[in-house]
Amino acid sequence: MRSEMMNFEYLCKLNKKKSTMRLYSDEQLARLLDQDIFHHISAVADQLHIDCYVVGGYVRDLFLERSSKDIDVVVVGSGIEMAKMLKKRLGKGAMLSVFQNFGTAQVKYRSLEIEFVGARKESYRHDSRKPIVENGTLEDDQNRRDFTINAMAVCLNAERYGMLEDPFDGICDLEDGIIRTPLDPDITFSDDPLRMMRCIRFATQLNFFIEDETFDALDRNAERIKIISKERIADELNKIMLSPVPSKGFVDLYRCGLLEIIFPELCRLDIVESRNGKTHKNNFYHTLEVLDNIATKTDNLWLRWAALLHDIGKPRSKKWDNHAGWTFHNHNYIGGKMVPELFRRMKLPMDMKMKYVKKLVELHMRPIAIADEVVTDSAVRRLMSDAGEDINDLMILCEADITSKNAVRKARFIDNFRIVREKLKDLAYRDWRRELQPCIDGNEIMEMFDLKPSLVVGQLKQCLKDAVLDNRVPNEREALMELLRKKASELGLQEKHSTRQ
């Protein structure tokens, strides 16, 4: 059963300070939009005698004091005609793309991307998220927007330049940190179910709360997500993963029932069983804590996926042992085998990114096992060999996996992982030194040229070493022997034996 209490303590931890914002008057908005690109758009709109507004995320981010290079413009008329005129005005530095079927156009100019669309109203069939579109007014266009904070518009026409149009009090919702739909949320989500993922994604990225009526509609309409392509769902899921506190999004996905539909394996982790006084931890909340720990260290999306999936094999491996209690033997290998099937079903990439996640899931217990015992060179060297260039990412994952509430145990693991890291660094340096040490040594040089220890021997050794370090020759016998003979000849030396080896 989906948890109604949803670990109240954990939810409270997520209630951190929401994004900061500032209020602006129309005059202040006009000053913020005192940029060449907006004045060019304004001039074109007035030349065509059509109303023109910058809308959506760009306006929202102005109030949140966040920079944005993507500009959405709504015109009460033809967005394509507007874009063509702007391209002509900007000249050769601008690139125009027209999407006739959608009635939209894009102008790329320097580092900016400006999307133009004519104001429209939409209606939907129940089996599709593709709307039937008609020309409309600015009000019609704002009515079709997903959330109040994305429905604000600022006029770009010269006479009303900087005037805010905010019919749904998006400013108030920004101030209060609330995600809410402009109209009936059941209609909003049923019409385009991808908006349910976007709702949770925005709440996660901005650390906002989803308004109660809107959240209840998520629950009621969760099944509608099944008409959305896996690729679109994965795109929103990845954006949630890349948020500052991604666990917030997964808690909301779980609470409203979406997670059970799109990622049921993760939901299976939310179970705690007790037997004979022994209880195992809740691996769902443990996983989210590990994910948040990783998020403080790296923006690597696939390392975050490894954190989310590191214990995904535990439900399939869980067993009761009368002596040891609850066990999860080989959950890492079981989880590793699950990674390709999960990626394939969720339409995530099946390339090296998937293999990277699979490898980290499979290996994540190895450093823990090493840290629990005496840290030997051989064990660390085998780990380095298996992890390869991803060894540091593996260590970051394992350190994030320390979520024990036992302070003594936690301190011991942290200290042991420090020792493992020192051993990794030491072995890497020693192996590097050994790898770069020329395979022909001083004794062989003296034997070849009938020399005693001397400055000349040192010169020949240094010649070989420099060539290897500078990557001028591979550290291989044949290549180094050729270089050695050439250098010896320059120094007037002859080989002791006339027959070359």
Side-chain angles (χ1 to χ4, degrees), residues 1-16 18 124 126 129 145-150 173 176-271 282-289 291-292 304 308 312 342 345-347:
M1 171 179 140
R2 198 162 72 246
S3 182
E4 295 299 330
M5 52 322 149
M6 285 309 297
N7 194 324
F8 182 74
E9 179 184 351
Y10 190 87
L11 286 173
C12 288
K13 282 200 326 183
L14 299 180
N15 184 18
K16 299 177 182 177
K18 64 182 176 66
Y124 291 80
H126 189 72
R129 62 180 292 262
R145 297 280 162 174
D146 49 8
F147 309 112
T148 60
I149 62 173
N150 293 334
D173 288 344
D176 295 337
I178 289 174
I179 302 294
R180 180 169 58 90
T181 60
L183 302 177
D184 184 339
D186 283 304
I187 296 174
T188 298
F189 293 147
S190 182
D191 281 351
D192 183 357
L194 186 65
R195 289 170 176 165
M196 294 189 288
M197 295 293 298
R198 285 170 55 83
C199 177
I200 291 173
R201 189 249 293 181
F202 279 121
T204 308
Q205 288 177 328
L206 300 175
N207 199 18
F208 279 18
F209 286 104
I210 301 171
E211 179 255 351
D212 288 346
E213 186 179 348
T214 301
F215 192 89
D216 290 344
L218 290 174
D219 200 350
R220 289 191 295 270
N221 291 276
E223 287 289 327
R224 291 281 290 151
I225 199 67
K226 292 178 180 178
I227 74 166
I228 301 297
S229 72
K230 297 291 197 304
E231 290 86 352
R232 299 301 298 271
I233 293 172
D235 184 55
E236 292 297 326
L237 206 55
N238 283 338
K239 290 175 182 177
I240 291 171
M241 292 281 284
L242 287 171
S243 300
V245 186
S247 63
K248 183 181 190 306
F250 284 95
V251 168
D252 281 343
L253 286 169
Y254 190 30
R255 290 173 59 219
C256 72
L258 282 169
L259 194 64
E260 180 66 41
I261 298 169
I262 65 176
F263 200 166
E265 294 85 355
L266 195 60
C267 299
R268 303 295 169 267
L269 295 173
D270 183 27
I271 186 170
N282 185 307
N283 287 300
F284 179 76
Y285 290 104
H286 162 74
T287 292
L288 295 187
E289 192 171 353
L291 177 59
D292 284 349
R304 293 188 183 202
L308 189 69
I312 203 69
L342 285 170
R345 191 191 75 224
M346 299 174 76
K347 302 300 182 182

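Side chains included, hydrogens not; waters and symmetry mates left out as well; all remaining heavy atoms used. Quick caveat, the model's predicted, so the values are computed rather than measured.
Residues Met346 and Ile262 have side chains not in contact (no heavy-atom distance under 4.5 Å, counting atoms from C-beta outward). The shortest side-chain heavy-atom distance between Asn207 and Val245 does not fall under the 4.5 Å cut-off. The shortest side-chain heavy-atom distance between Phe284 and Arg268 does not fall under the 4.5 Å cut-off. A 4.5 Å side-chain heavy-atom check between Ile227 and Pro193 finds at least one atom pair inside the cut-off. Here the side chains of Asp192 and Ile228 are in contact, with some heavy-atom distance below 4.5 Å. Looking at Leu253 and Leu237, their side chains come closer than 4.5 Å, going by heavy atoms from C-beta outward.
Looking only at distances, no side-chain donor or acceptor of Asn221 sits under 3.5 Å from a matching main-chain atom of Arg224. Remark: side-chain polar atoms of Asp292 are paired, donor with acceptor, to backbone N or O of Ser247 under 3.5 angstrom. The backbone N or O of Ile200 lies less than 3.5 Å from a partner atom in the side chain of Thr204, making a donor-acceptor pair.
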Are Asn150 and Phe202 close enough, and set up right, to give a side chain to side chain contact (heavy atoms under 4.5 Å, CB included), and what steps lead you there? CA-CA 10 Å; Asn150 293 334; Phe202 279 121; 3.5 Å; yes
Under the criterion side chain to side chain contact (heavy atoms under 4.5 Å, CB included), I'd like the reasoning laid out for Ile179 against Phe215: C-alpha separation, chi angles, the key distance, then a yes or no. CA-CA 9 Å; Ile179 302 294; Phe215 192 89; over 6 Å; no
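Taking CD of Glu211 as the reference point, atom CG of Asp176 lies at 11.5 Å (rounded to 0.5 Å). Between atom CD of residue Glu265 and atom CD1 of residue Ile312 there is a gap of 6.0 Å, rounded to the nearest 0.5 Å. Between the NZ atom of Lys248 and the CZ atom of Phe209 there is a distance of 6.0 Å, given to the nearest 0.5 Å. To the nearest 0.5 Å, atom CG of residue Leu259 and atom SG of residue Cys267 are 4.0 Å apart. The CD1 atom of Ile210 sits 5.5 Å away from atom CG of Leu218, with the distance rounded to the nearest 0.5 Å. The distance from the OH atom of Tyr254 to the CG atom of Asp270 is 3.5 Å, given to the nearest 0.5 Å.
Residues Ile240 and Phe250 share a closest heavy-atom pair of CG2-CE1, 4.2 Å. The minimum heavy-atom distance linking Ser229 with Arg232 is given by the pair OG-CG, 3.0 Å. Summarising the geometry of Thr214 relative to Arg180, their closest heavy-atom pair is OG1-CA, 3.6 Å, with the distance given to 0.1 Å. The nearest pair of heavy atoms linking Phe208 to Ile178 is CD2-N, 3.6 Å. A pairwise comparison of heavy atoms in Ser243 and Arg304 identifies O-NH1, 3.0 Å as the closest pair. Smallest separation of non-hydrogen atoms from Met196 and Leu258: CB-CD1, 4.0 Å.
Listed by first then second residue, pairs satisfying salt bridge (Lys or Arg N to Asp or Glu O under 4.0 Å) with a partner in residues 238-247 read Asp235-Lys239, not counting sequence neighbours.
Listed by chain and residue number, Ala222, Glu223, Ile225, Lys226 satisfy the side chain to side chain contact (heavy atoms under 4.5 Å, CB included) test with Ile261 (two or more places apart in sequence, or in another chain). Here Arg201 pairs with Gln205, Glu236 under the side-chain hydrogen bond (donor to acceptor under 3.5 Å, both in side chains) rule; sequence neighbours left out. Remark: Thr188 pairs with Thr181, Arg195 by the side chain to side chain contact (heavy atoms under 4.5 Å, CB included) rule, at least two apart or across chains. Checked against side chain to side chain contact (heavy atoms under 4.5 Å, CB included), Asp216 has the following partners two or more places apart in sequence or in another chain: Arg220. Every side chain to side chain contact (heavy atoms under 4.5 Å, CB included) that Lys230 has, sequence neighbours left out, goes to Lys347.
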